[in-house]
2 protein chains.
Amino acid sequence: MFSIGALSDRTGVKIATIRYYEDMGLLPPPERTAGNQRRYSQSGLDRLAFIKHARDLGFAIDAIKALITLHDHPDRSCAQANAIAQTQLADVQSKIARLRRLETELSRIATNCYGAGRAGDCYVLTSLADHDLCQTKH
Amino acid sequence: MFSIGALSDRTGVKIATIRYYEDMGLLPPPERTAGNQRRYSQSGLDRLAFIKHARDLGFAIDAIKALITLHDHPDRSCAQANAIAQTQLADVQSKIARLRRLETELSRIATNCYGAGRAGDCYVLTSLADHDLCQTKH
DNA sequence: CTTGAACCTCTAGTCACTAGAGACCCTACA
DNA sequence: TGTAGGGTCTCTAGTGACTAGAGGTTCAAG
């Protein structure tokens, strides 16, 4: 049995976050000592590792809830898990696409300003004031 | 003079967001009609366009505040504006790098699951449960 | 003068945590 | 067995950048 601190050390998830996951229904309420402290079994540790891994990959809490439900019911179809992963992948890809456009624009803006002149002549500030100077949409 | 709705239409910034920017000190409080409604001048419109452009590029409210201050003081050095833009660029680049790692992992996970089998055999779910199946760090 | 769209303020909710207060528990050591 | 001090408890409130809604007021066209 692990205390909440031991679980935190083993998974890298902060104590407050573990309690938060319990409140959100991601982690089942663990056993308690006579003095009301949480005590986790191996399955609690496994589930927290699952959650952490999914969070690291950017899955939202609700998506993780659905994935956990499927994980707990191995006889169901995995179509939903597949759909959730595809959605997440598409989401990540569209974020990348957007950030790349921003990167293009920001690097153009930043390299045209050497930081040595007056603010009145600053390319960073003029670019922000005049959208027409931009070369991409964002 | 523009009403808040006209300003919203012209910039694409929602009315509630315009008021929020005013509360945050990004937009100066505009004139008011006898009946207490906001009326903006051209300079209010220009400033909101500046803010919107900066937000679209991902600058945080505090960074935009600093940029506006510089914009209002054209005789100051533009070193700070340059630094803010460089920081924002670096931030965007590190987000891209992280998302690309996630994309690699997610597409590996998603393409190994066809959504047709049992949840118990689902590659999405097994991968989440076992970090060792991953090929990159995240 | 009326009507209805636009506007006002204020509160509370979103997401995924994070920080802190004030109190209680657990365990190792003397 | 007593105690010190680190771990844990619950609860509240804050983060960033908005967004939604309630309940009331104002504006402008007809």
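Every chain is numbered from 1 and lettered A, B, ... according to where its sequence line falls, protein lines coming before strand lines. Keep in mind the model is a prediction, meaning the values are calculated, not measured.
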> Starting from A:F59, can I reach A:M24 by hopping between I/L/V/M/F/W/Y residues whose side chains sit under 4.5 Å apart?
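Yes.
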
> When you match B:R39 and A:I4 each to their closest nucleotide on DNA chain D, which lands nearer the 5' end?
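The answer here is A:I4.
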
> Between B:G35 and A:I61, name the one whose nearest nucleotide on DNA chain C is closer to the 5' end.
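The residue closer to the strand's 5' end, by nearest nucleotide, is B:G35.
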
> Would you confirm whether A:T17, through its side chain, and A:V13, through its main-chain N or O, come within 3.5 Å as a donor-acceptor pair?
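Answer holds: no.
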
> Nearest to the side chain of B:Q37 - C:dT9, C:dA16, C:dA6?
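Among C:dT9, C:dA16, C:dA6, the one nearest the side chain of B:Q37 is C:dA6.
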
> Name the nucleic acid region contacted by B:R55, choosing base, sugar-phosphate or nothing; use a 4.0 angstrom heavy-atom cut-off, strictly under.
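Sugar-phosphate contact only - B:R55 comes under 4.0 Å of backbone atoms but never of a base.
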
> I'd like to know if A:R101 pairs up with B:D56 as an ion pair, taking the criterion as any Lys NZ or Arg NE/NH1/NH2 lying under 4.0 Å from an Asp or Glu carboxylate oxygen.
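Here A:R101 does not pair with B:D56 in a salt bridge, since their nearest N and O are not under 4.0 Å apart.
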
> Without decimals, in angstroms, what is the distance between A:L48 CG and C:dC17 C1'?
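One finds 14 Å between C1' of C:dC17 and CG of A:L48, rounded.
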
> Under 4.0 Å from a heavy atom of chain B: give me the 5'-most and 3'-most nucleotides of DNA chain D that qualify.
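The protein-touched segment is D:dA17 to D:dC27.
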
> Are OP1 or OP2 of C:dC25 and a side-chain N or O of A:R32 less than 4.0 angstrom apart?
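It does not, given that no N or O in the side chain of A:R32 lies less than 4.0 Å from OP1 or OP2 of C:dC25.
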
> Counting only side-chain nitrogens and oxygens, does A:S3 get under 4.0 Å of the OP1 or OP2 atom of C:dC26?
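For C:dC26, OP1/OP2 do not have a side-chain N/O of A:S3 under 4.0 Å.
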
> Looking at B:R38, I'd like to know whether one of its side-chain N or O atoms comes within less than 4.0 Å of OP1 or OP2 on C:dT9.
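Yes, B:R38 has a side-chain N/O under 4.0 Å of OP1/OP2 on C:dT9.
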
> Quickly work out the A:D23 CG to C:dC15 C1' distance and round it to whole Å.
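That distance rounds to 15 Å.
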
> Tell me: OH of A:Y21 to P of C:dC17, nearest whole Å?
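To the nearest whole Å, that distance equals 4 Å.
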
> Both A:Y20 and A:T33 contact DNA chain C. Taking the nearest nucleotide for each, which residue is further toward the 5' end?
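Closer to the 5' end of DNA chain C: A:Y20.
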
> Regarding A:R38 and A:E31, does a basic nitrogen lie under 4.0 Å from an acidic carboxylate oxygen?
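No, no charged N to carboxylate O under 4.0 Å.
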
> Using a heavy-atom cut-off of 4.0 Å across all strands, would you classify A:F59 as base, sugar-phosphate, or nothing?
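Answer is nothing: A:F59 stays at 4.0 Å or more from every strand.
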
> Without decimals, in angstroms, what is the distance between A:I15 CD1 and C:dA16 C1'?
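It is 18 Å, rounded to the nearest whole Å.
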
> Could you check how far CD1 of A:I51 sits from C1' of C:dA16, rounded to whole Å?
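Spelled out: CD1 on A:I51 to C1' on C:dA16 is 13 Å.
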
> Whether A:R19 and A:D23 form a salt bridge (side-chain N of Lys/Arg under 4.0 Å from carboxylate O of Asp/Glu) is what I want to check.
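Here A:D23 does not pair with A:R19 in a salt bridge, since their nearest N and O are not under 4.0 Å apart.
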
> How many angstroms lie between atom CD1 of B:I64 and atom CG of B:L57, to the nearest 0.5 angstrom?
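With rounding to 0.5 Å, CD1 (B:I64) is 9.0 Å from CG (B:L57).
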
> For A:E105, check salt bridge (Lys or Arg N to Asp or Glu O under 4.0 Å) against everything at least two apart and list the hits.
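Scan of A:E105 (salt bridge (Lys or Arg N to Asp or Glu O under 4.0 Å), adjacent residues dropped) gives A:R108.
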
